[in-house]
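Below is one structure, written out as structure tokens; comments come after it.
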Amino acid sequence: MAIAKMQSGQTICQAGDTLKELFVIGEGSIHASFPGGTLTLQKGDVIGIHDIRSGIHSCTSTAATDAALVPYP
């Protein structure tokens with residue numbers, strides 16, 4: 001699995017997208033926006049973990065800084 005390099009401001013996934021893989025944050029920070037708020041995810045957090053049961057992203061995730069993500073199918 002190749003590490004995905006993201007630039008600040010780049011969208012990783014949109015709310016409503018089908019969950020195809022999880023991403024472990026290796027570097028940087030990610031904003032996860034959802035109705036009612038935004039969370040900031042950091043190194044070691046997993047994008048999409050809370051959406052495993054539904055199979056649909058509930059948040060729009062955007063790189064808050066340059067970031068490195070490790071995909072997990």
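- In terms of hydrophobic clustering, with Ile, Leu, Val, Met, Phe, Trp and Tyr side chains grouped at heavy-atom distances under 4.5 Å, L19 and M6 are assigned to different clusters.
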Only distances under 3.5 Å count here; give the side-chain donor-acceptor pairs of residues 45-58 to other protein atoms, sequence neighbours excluded, each with its distance to 0.1 Å.
| residue | atom | partner | partner atom | Å |
| --- | --- | --- | --- | --- |
| D45 | OD2 | Q42 | N | 2.7 |
| H50 | NE2 | S58 | OG | 3.1 |
| D51 | OD1 | S58 | N | 3.4 |
| D51 | OD1 | S58 | OG | 2.8 |
| D51 | OD2 | S58 | N | 3.2 |
| S54 | OG | D51 | O | 3.4 |
| S54 | OG | I56 | N | 3.2 |
| S54 | OG | I56 | O | 3.2 |

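- For T38, the side chain to side chain contact (heavy atoms under 4.5 Å, CB included) partners two or more places apart in sequence, or in a different chain, are H31, S33.
- You'll find the side chain of L69 reaches within 4.5 Å of the side chain of I25, heavy atoms only.
- The two residues D66 and S8 come nearest to each other via the heavy atoms OD1-N, 2.9 Å.
- Separating the CD atom in Q14 from the SG atom in C59 is a distance of 11.5 Å, to the nearest 0.5 Å.
- Summarising the geometry of T40 relative to S29, their closest heavy-atom pair is CG2-CB, 4.0 Å, with the distance given to 0.1 Å.
- The side chain to side chain contact (heavy atoms under 4.5 Å, CB included) check on T62 picks up T11, T60, with sequence neighbours excluded.
- Hydrophobic side-chain contacts under 4.5 Å tie F34 into a cluster, directly or through other members, with L39.
- When hydrophobic clusters are built by joining Ile, Leu, Val, Met, Phe, Trp and Tyr residues whose side-chain heavy atoms come closer than 4.5 Å, directly or via intermediates, F23 is not grouped with I3.
- The minimum heavy-atom distance between A32 and L41, with the atom names listed, is CB-CD1, 4.2 Å.
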